[in-house]
Amino acid sequence: MSAASSTQVSPLTDLAGVGPALAEKLHKLGIYRVSDLLFLLPLRYEDRTQLVKLGTLRAGQRCLVSGEVLLAETVYRGRRSLLVRMSDGTGQLTLRFFHFSRSQQAQFQPGVAVSCFGEARKGPAGLEMIHPEYRILRPTSNAATTDALTPVYPATEGVQQGRLRNLTDQALKRMQQAPPDELLPPEILRKLNMPPLAEAIAYLHRPPPDANLEQLLQGRHPCQQRLAFEELLAHYLSLKNLRALTASETAPALTAGARESEDFLARLPFELTDAQRRVTGEIEADLAQPHPMMRLIQGDVGSGKTVVAAIACVRAIANGVQAAIMAPTELLAEQHWRSFSAWFQPLGIEPAWLSGSQRTVARRESLAAIATGSAKLIVGTHALFQQGVSFQKLGLVIIDEQHRFGVHQRMALRDKGRDEHGQPHQLVMTATPIPRTLAMAAYADLDVSTIDELPPGRQPVVTVAIPETRRAEIIARVRTACAAGGQAYWVCPLIEESELLDYQAAEASYAMLNEALPEVRVGLVHGRMRSAEKEQGMRAFKEGLIQLLVATTVVEVGVDVPNASLMIIENAERMGLSQLHQLRGRVGRGATQSHCVLVYKPPLGQLAKSRLAVLRESNDGFLVAERDLELRGPGELLGTRQTGLPEYRVADLVRDAKLMPQVQMAAAVIQRQAPATATAIIRRWLADADRYGKV
Ligand code: ADP
Ligand code: MG
C-alpha cells in the first residue's frame, strides 16, 4: 500500500458511529478496514429520486410516494392490523402494518403528511403497501427524494441499511482524499475502455438518477465490469502463482519407458486416434521434466481418456515409481480396475485395489503392497488419500472426473506422494468439457490437453424427446431393441437431494418394466446397493446376462458397455444438459446405430423445450456445455458444491466469461512489467481467502 492510501487501511472504528460491537458485526461481512466498505457493493438499487403520483401507481411498483393521512384505524379481521388511508389528490393508498406500537398509531393523525417507500400491491380496497418505510413530514419539509439511486447492500444481522449507507458515505468521502491505488496499468484501461477504479466505485455506491438501472441490476454496467475484471484478474493471477509455485517444485523425471509404452500400444486391440496420440505426447513431455506435471485432459464421453492415462502409468512404472488412479465412485473405480487389469496383467503387473467398502483383510493386504512397493499400480476411490495409506514411492497421481472432487481432496492425494525428493506428477481428467473462456478461469493452475476426436466408427446417437404419456411406445422400443440382441439402459427419475426417494423410484420402474417386458431380462442398479451388488449387476449387464438395466444416475459417468444401443432417460427436463449428455454417452460405443429417448413430463416450458432441443440437435459435448453454461451456470456445469471453484464477489463466471481473454492478456502484461502490482491485486481481492494459501 502506498502512503497516499494509508487512510484506507484505517480501522473501522475510525468512522463516526462505529464502536467495537458494530465493528464485530461488520467483520462477519468480511469488512475489516474502511477500504473494505468501498468493495461492499450494493445488491440492487431503489429509485427514490422521484415521487410517484398515487393516481399512476401500479401493483408491483416499488417506489416513493407521499400524501396526507385521511384516516387511521386498527382492525381485527383475522389479525390485528393498523390501516392508514392516505391521498395525494391524484389517488389513494392504504398502508398496512401488522406490528406497530401505540406511539406509531398516534403519529398517523388525519391531515399529517407522510412519505413512504415500498411495494404497491392489490389489497381488498385498492392498492396498499405492507410495512413500507415511512417518514412523517414536517409542514416545512418536502418529501424525501434523493439525488442518487438508493443502494441496497447485502444484509447483515444487526446492521441496518441506513447504517450501511451512512458508513459507505463516510468511506466514499475519505476516498476523495485518498483514493484506492489504481492497480490496472493505464494502457490496459485505455485498451479496455474501462473507467478508473475510484470512479467506478463512487458510481456504483451512488448512481445518478439517470443511471441505466436495468444494466446495473444485471451487473453489466461498465463500472461493474471494471470491478469484475479486476476480480477475475486477481483470481487468475493467484492460480497462475500457484502454477508457478508447483513448477518450481521437484518431481521425478520419468524419462525411461519409451520401449514399454510402445509394447503396450502394440498389444492394444485398436490404434490411438490422432488426438489421443497428441495428448499422450504432451503428457510424456511433462513427465520427463524434473518438475510436477499439472495437466488436465478434457475429452468428450467416449473419447478414450482411460487408455491415455494407462500409457502415463506405463511410463511411471517403467521408471520405478508407483502410479495411483482415483475415481469418484466405486463403480467407476471398479471399471478402471478391470480395464487396467486386462491391460497390465499380460505385462506382469497386478493392479492393487483400495476402496472404502473393502473388507478388512483385503484392505490390509492392499495397504501392505502399497507401502512396500510391491503394488506398482493402485486403483481406488477417495479411500486412496485417507489416513493409514502410505505409498512406497508415488510418482504419478491420476484423478478421473476431477470436478467431482474438491481441490482439497486432489491436494491431499498429491501430499501422500510428497517426500524430500519432491512431489508426484498429476493428471486430472474430465468428461465435462467446459467452454474455453470458463476453462481459463477455472483451470488457470493447470495445463489443458483436449481429446477432440472420437475413435473411428462411432455413429452419433440419435436423440428424441417424448412425453411420458407415450410410455407404451417407449416400452415397445425397448422390446424391439432387446429382441434384436441389443441392450438398453433405463435411467430413473431424478429426485433431488434424496437418495432414498431415488432408490424407491428405481424400484418402482424396475417392477413396472419387469411386468411389461416378461421376455426381457431386467436388472437394477442404484446408489444404495452395496458395491458388490452393484458390480454384480453391472457385470451381468456387461456380459449380456441382463438386457435392460434399470438404474439411477449412478451410471452417469464412465460405464462402458459397447453392446448397449438404447438409452431411456426419465424426467429429462429436470436434469442438466451436461449430465444428460454424459448419460447419453453410455450408448453409441459399438458399431450399431444408437438411440437416446428423453422422456419428459408435459407440458414443457419454453426454456425446457430449448434445452432438450440442444441435445436433439448436437452430439458435441463442447457445444452442449456451452449452451448449458448459458442456461444454467457454472455450478451446475462443473458439478455442484464440489467444484472447488472460488466464490466471486462481483464477477459472475457465466456473465463475465467473455472477459477472460482480456484478463489473460492483462495478466501477462502485469506479470512482465510489474510483478509487485500482481501481488497487490491478489491481496486486494483475496486477502481474506485462505484457500489459495493452503493449496
Ligand atoms: P472416456 O473418455 O469417456 O473415459 P473411455 O476411455 O472409457 O472413454 O473409452 C471408451 C471406449 O473406447 C472404451 O471401450 C475404449 O477401450 C475405447 N477406445 C479408446 N480409444 C480407442 C481407439 N483409439 N479406438 C477404438 N476404441 C477406443
Ligand atoms: Mg472415463
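Remember, it's 1-based here, ligands and their atoms both numbered in the order they're listed.
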Is the contact between Arg458 and ligand 1 made by the side chain, the backbone, both, or neither, using heavy atoms and a 4.0 Å cut-off?
side chain
Mind checking whether Gly299 has a heavy atom under 4.0 Å from ligand 1?
no
Is the backbone of Ile546 close enough, under 3.5 Å, to the side chain of Gln487 for a donor and an acceptor to pair up by distance?
yes
Does Val614 offer a backbone N or O that forms a donor-acceptor pair with the side chain of Ser618 under 3.5 Å?
no
For Met429, which part has a heavy atom under 4.0 Å from ligand 1: side chain, backbone, both, or neither?
neither
For Val301, take its heavy atoms, then give the atoms of ligand 1 lying under 4.0 Å from any of them.
3 (O)
Lys240, NZ: over 12 other non-hydrogen atoms inside 6.0 angstrom
yes
Measure the spacing between CD of Glu282 and CG of Leu287 and express it to the nearest 0.5 Å.
12.0 Å
If you measure only the distance, is there a donor-acceptor pair under 3.5 Å linking the side chains of Ser355 and Gln358?
no
Report yes if Thr306 has an N/O atom closer than 3.5 Å to an N/O atom of ligand 1; otherwise report no.
yes
Nitrogen or oxygen of Gln335 less than 3.5 angstrom from that of ligand 1:
no
If you measure from CG on Leu577 to CD on Glu626, what distance do you get to the nearest 0.5 Å?
12.5 Å
Under 3.5 Å, N or O to N or O, is Pro455 touching ligand 1 that way?
no
Assign the ring pair Phe340 / Phe344 to parallel, tilted or perpendicular, where the plane angle (0 to 90°) is split at 30° and 60°.
parallel
Do the side-chain N and O atoms of Gln298 and Thr430 include a donor-acceptor pair separated by under 3.5 angstrom?
no
Check ligand 1 against Thr273 and write out every atom of the ligand that is under 4.0 Å from a heavy-atom position of the residue.
23 (N)
Using a heavy-atom cut-off of under 4.0 Å, does the side chain or the backbone of Leu272 touch ligand 1, or both, or neither?
backbone
How many angstroms lie between atom NE2 of His336 and atom CD1 of Ile325, to the nearest 0.5 angstrom?
8.0 Å
What are the atoms of ligand 1, with element, lying closer than 4.0 Å to any heavy atom of Glu271?
22 (C), 23 (N), 24 (N)
With heavy-atom distances below 4.0 Å as the criterion, list the atoms of ligand 1 near Arg589.
3 (O), 7 (O), 10 (C), 11 (C)
Proximity winner for atom 2 (O) of ligand 1, if only heavy atoms of Arg277, Lys305, Gln298 are counted:
Lys305
Go through ligand 1 atom by atom and flag the ones less than 4.0 Å from a non-hydrogen atom of Gly304.
1 (P), 2 (O), 5 (P), 6 (O), 8 (O), 9 (O), 19 (C)
